[in-house]
Trainee: 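Please read through the structure below; I'll follow up with questions.
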Amino acid sequence: MLTVFGSVALDTIHTQYGVACDIMGGSSTYAALSASRFTETGLVAVAGTDFPDEYIRMLEGAVDTRGLRIVPGKTFRYAGRYQDNFDTRVDLGVEPNVTMGNEPAVPPEYQKSRFVYLANTDPIQQASVLERFPEAMFTMCDTINHWIDTQRDDVVRLAGMVDAVIMNDGEARRLTGHHDLVRCAQHVMGWGAEFVIIKKAEHGSILFHADSAYPLPGIPATEVIDPTGAGDAFAGAVMGYLDSVGRAGVDDLRRACVYGNVMGSFVVSRAGVEGLASLSRDDIEGRAERYRRMISVE
Ligand code: AMP
């Protein structure tokens, strides 16, 4: 089983098409739903009593929710607005609510997980969940500007505790102070992570390992409805695929990043988690095969 820890949220997302209020969001929600298309996935997160039953049922249909703690109070809320034809997202509000003062609980059944993904949330909580998995074979963390701005030292400490760090290009630049992405990745690897994955939205991703870089182009999309969660779905797919093969060498990570780009591309074409919920393994393999053909040159 893969364990995924992070935020479960109610998101309010403004796009050029309108406003979607209090829809199911959260870094671990997207990551776990995406991972669940590849492997058995256990979710660790804290939500409030206002988190709708229908969202819980939807999660239960795809992932193991024994690690989802529902506590009295309001669920974490995030609001953001996309601008410039989806090129930038401005944060309008982050309300931690029940994620503050309520420790996540890791069910004993999850502790056998050999692969653990720490989706974007408070880096102190990410580190404390990681400590519950001393035997894990491969661990990866994400972060976001909010934590880089408010708890940078904790983010840096966490980057030294995991096998891989995944971030988008803007976050990598903000965290390290470099512009060049190769230097950003080397800087992060200097803190201890063996792999760094930098996501570049519609321009794909670069996997870094030792002195090598493995770029992948983005999958051309004709229809972008809501990019929220695409990065989390990318990371969930990487971890889900790695758990499914039970290995995490550099070639496995290269193959995993193909699935990362594929799952990210499914998310952007629908609002919220809709792009993930209905996907079959055939849909995923079909797009992955077309993508592999697109990137191979005779
Ligand atoms: P992404 O579009 O991949 O950056 O992920 C967006 C998701 O992350 C949304 O569903 C939000 O609920 C969640 N999110 C946004 N800000 C934070 C934060 N500071 N901590 C935890 N989760 C967050």
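Keep in mind the model is a prediction, meaning the values are calculated, not measured. One-based numbering, in listed order, for ligands and for the atoms of each.
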Trainee: Check N120 against ligand 1 and report side chain, backbone, both or neither, counting heavy atoms closer than 4.0 Å.
Mentor: both

Trainee: So which of R157, Q151, R152 actually passes side chain to side chain donor-acceptor pair (under 3.5 Å) with D154?
Mentor: Q151

Trainee: Any N or O on G229 sitting closer than 3.5 Å to an N or O of ligand 1?
Mentor: yes

Trainee: Taking N or O atoms only and a 3.5 Å limit, does R89 qualify as a polar contact for ligand 1?
Mentor: yes

Trainee: Which pairs count as salt bridge (charged side-chain N to carboxylate O under 4.0 Å, His left out) when at least one residue sits in residues 270-283, sequence neighbours excluded?
Mentor: R281-E285

Trainee: Measuring from non-hydrogen atoms of F234 to any atom of ligand 1, is the shortest distance under 4.0 Å?
Mentor: no

Trainee: Side chain, backbone, both or neither: which part of D122 comes within less than 4.0 Å of ligand 1 when only heavy atoms are counted?
Mentor: neither

Trainee: Would you call R77 a ligand 1 contact, heavy-atom distance under 4.0 Å?
Mentor: no

Trainee: For the residue pair Y55 and T75, establish whether any side-chain heavy-atom pair is separated by less than 4.5 Å.
Mentor: no

Trainee: Who else is in V98's hydrophobic cluster (ILVMFWY, side-chain heavy atoms under 4.5 Å, direct or via others)?
Mentor: V46, V71

Trainee: Hey, is ligand 1 close enough to T228 that some N/O pair sits below 3.5 Å?
Mentor: no

Trainee: Using a strict 4.0 Å threshold on nitrogen-to-oxygen distance, state whether E289 and R292 make a salt bridge.
Mentor: yes

